[in-house]
S.K.: 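One structure is given below, represented as structure tokens, and several questions about it will come after.
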Amino acid sequence: MSQKPMFNSELVKAMSSSAGKLSGFVVLCIILLLTVRGLTAPQIVAAEKQKLLDGFNQVLPASRYDNDPLQDQLHLKDPEQLALLGAKTWVTVYRARNAGQPAGAIFQTIAPNGYSGNIVILVGVFPNGEISGVRVLKHAETPGLGDKIELNKNPWILSFNGRTLDASNLSIWAVKKDGGEFDQFTGATITPRAVVGAVQKALQVVNQMGERLYEESQ
């Protein structure tokens, strides 16, 4: 008695046709995705660059420099400096210049001792060591209390503008509750204390570097 074939030729042909169509559809989708990616990549890069520059211009006025800070970078790698900045890998410093002369430096630091963990901060400093601006980039502090470190919630962050750090004014770098000059927030002293400490340490690095901060290469 002959056995009935498991697949007849028509079924195999239909399955092959479906598989071919599916493969063609997948290939077409991949081509479309790669095409879209290729077309949008330059716009994405440009948008990310502009977002970074917008952040820079909040801590250092764009009118103060005429170069592209994104193309003038310095990488801090000294372990002691990285520890002060709360960084585990090198820190990129973006340098602003006007007619080739130093106009300011912008870098990112971290306050690791916020109430809810790390507070990421952008600090701009003029060549004379004076703070041009500070902004909080990222945090997880308590809404309504610790989030007053954001400029859109409270002008407190502007209290850093024009500050410097040297041996004569070291004691002012604390919140008022600790004997310093910076206001604390009602019910949220830990957060401003952490930010003040982080900005102070950033200025320590700036003072340590001095003119080397603007040398062409390190």
Side-chain angles (χ1 to χ4, degrees), residues 52 55-61 64-65 69 72-98 101-114 118-139 141 146 148-151 154-185 189-215 218:
L52 200 51
F56 289 173
N57 294 336
Q58 288 189 48
V59 298
L60 185 70
R64 301 292 291 263
Y65 61 90
D72 192 346
Q73 302 179 9
L74 167 70
H75 300 296
L76 300 180
K77 301 176 183 177
D78 181 87
E80 183 180 341
Q81 293 176 340
L82 296 184
L84 279 172
L85 295 171
K88 295 181 179 178
T89 60
W90 75 23
V91 171
T92 301
V93 179
Y94 300 93
R95 300 173 299 187
R97 302 178 194 271
N98 195 335
Q101 298 302 309
I106 303 161
F107 56 95
Q108 189 171 295
T109 189
I110 295 174
N113 49 348
N118 289 345
I119 301 172
V120 183
I121 305 166
L122 199 63
V123 180
V125 185
F126 290 125
N128 64 357
E130 177 183 315
I131 289 179
S132 55
V134 177
R135 294 290 186 277
V136 171
L137 297 179
K138 185 178 180 183
H139 72 88
E141 301 302 285
K148 293 176 183 175
I149 53 178
E150 295 179 31
L151 181 58
N154 191 290
W156 178 83
I157 200 73
L158 300 178
S159 61
F160 290 101
N161 290 1
R163 300 273 187 179
T164 58
L165 174 69
D166 56 48
S168 67
N169 67 7
L170 194 57
S171 62
I172 72 169
W173 281 91
V175 296
K176 290 180 178 176
K177 187 175 183 179
D178 298 333
E181 290 191 352
F182 293 87
D183 290 330
Q184 60 270 344
F185 307 141
T189 301
I190 293 175
T191 304
R193 180 185 286 147
V195 174
V196 171
V199 176
Q200 180 199 8
K201 289 173 181 176
L203 282 185
Q204 280 184 246
V205 173
V206 171
N207 290 345
Q208 287 175 5
M209 294 291 295
E211 295 181 355
R212 289 187 296 125
L213 199 59
Y214 295 95
E215 292 178 357
Q218 294 289 322

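Reckoned from all heavy atoms, side chains included, excluding hydrogens, waters and symmetry mates.
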S.K.: Minimum heavy-atom separation for A103 and Y65, please, with both atom names.
M.R.: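 Taking every non-hydrogen atom into account, CB-CB, 4.1 Å.
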S.K.: Closest approach of H139 and E141, non-hydrogen atoms and distance?
M.R.: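 Scanning both residues completely, I find the closest heavy atoms to be ND1-N, 2.9 Å.
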S.K.: Residues in salt bridge (charged side-chain N to carboxylate O under 4.0 Å, His left out) with E130, at least two apart?
M.R.: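 Per chain and number, E130 pairs via salt bridge (charged side-chain N to carboxylate O under 4.0 Å, His left out) with no residue.
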S.K.: Is the side chain of R135 donor-acceptor paired with the backbone N or O of Q58 at a distance under 3.5 Å, no angle test?
M.R.: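 Yes; judged by distance alone, with no hydrogens or angles, the pair exists.
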S.K.: Nearest 0.5 Å, what's the CD1-CD distance between I157 and E150?
M.R.: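 So the CD1 of I157 and the CD of E150 are separated by 10.0 Å.
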S.K.: Looking at every heavy atom in both P102 and P127, which two are closest together, and how far apart are they?
M.R.: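 Closest pair (atom of P102, atom of P127, distance): O-CG, 3.4 Å.
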S.K.: Between Y214 and A96, which heavy-atom pair has the shortest distance, and what is it?
M.R.: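 That would be CE2-O, 4.2 Å.
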S.K.: Okay, side chain of W156, backbone of D183: is any donor-acceptor separation there less than 3.5 Å?
M.R.: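 Checked: pair present.
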S.K.: Nearest 0.5 angstrom please: T189 OG1 to Q184 CD, how far?
M.R.: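 Rounded to the nearest 0.5 Å, the OG1-CD separation comes to 5.0 Å.
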S.K.: Pair up each side-chain donor or acceptor in residues 105-114 with any protein partner under 3.5 Å, not counting sequence neighbours, and list the distances.
M.R.:
unit_1	atom_1	unit_2	atom_2	d
T109	OG1	L85	O	3.2

S.K.: Kindly indicate, with the supporting measurements, whether the criterion side chain to side chain contact (heavy atoms under 4.5 Å, CB included) is fulfilled by L165 and L170.
M.R.: CA-CA 6 Å; L165 174 69; L170 194 57; 3.6 Å; yes
S.K.: List the atom of G146, the atom of F185, and the distance in Å for their closest heavy-atom pair.
M.R.: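 Minimum heavy-atom contact is O-CE1, 4.3 Å.
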S.K.: Could you check whether any side-chain heavy atom of M209 comes within less than 4.5 Å of a side-chain heavy atom of V93, counting everything from C-beta outward?
M.R.: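 M209 does not reach V93 side chain to side chain.
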S.K.: Which pair of non-hydrogen atoms, one from V123 and one from A202, has the smallest distance, and what is that distance?
M.R.: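 In this case the closest contact between V123 and A202 is CG2-CB, 4.4 Å.
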S.K.: Taking N98's backbone N and O only, do any of them form a donor-acceptor pair with R64's side chain (distance below 3.5 Å, no angle check)?
M.R.: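 No.
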S.K.: Looking at N169, is its backbone amide N or carbonyl O close enough to the side chain of D166 to form a donor-acceptor pair, meaning the two atoms are under 3.5 Å apart?
M.R.: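 Indeed, once roles are kept as given, a pair shorter than 3.5 Å links the two residues.
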S.K.: Please name all residues satisfying salt bridge (charged side-chain N to carboxylate O under 4.0 Å, His left out) with K177, sequence neighbours left out, ordered by chain then number.
M.R.: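 Here no residue qualifies.
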S.K.: Could you measure the distance from the OH atom of Y94 to the CG atom of L60? Nearest 0.5 Å is fine.
M.R.: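 Between Y94 OH and L60 CG, I get 14.0 Å after rounding to 0.5 Å.
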S.K.: Show me the pairs that pass side-chain hydrogen bond (donor to acceptor under 3.5 Å, both in side chains) and involve residues 78-91, at least two apart or across chains.
M.R.: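 Pairs touching residues 78-91 that pass the test: none.
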S.K.: I need the Q200 CD to N207 CG distance, nearest 0.5 Å.
M.R.: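 Rounded to the nearest 0.5 Å, the CD-CG separation comes out at 10.0 Å.
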S.K.: What residues, two or more places apart in sequence or in another chain, satisfy ring-ring contact (aromatic ring centres under 6.0 Å, His included) together with W173?
M.R.: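 Testing W173 for ring-ring contact (aromatic ring centres under 6.0 Å, His included), a comparison that skips the adjacent residues, returns F182.
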S.K.: With sequence neighbours left out, write down each residue that passes salt bridge (charged side-chain N to carboxylate O under 4.0 Å, His left out) with R193, or none if nothing qualifies.
M.R.: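 Residues passing salt bridge (charged side-chain N to carboxylate O under 4.0 Å, His left out) with R193: D178.
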S.K.: First locate atom CG of L74, then atom CG of L213, and finally report the distance between them rounded to the nearest 0.5 Å.
M.R.: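 One gets 6.0 Å once the value is rounded to the nearest 0.5 Å.
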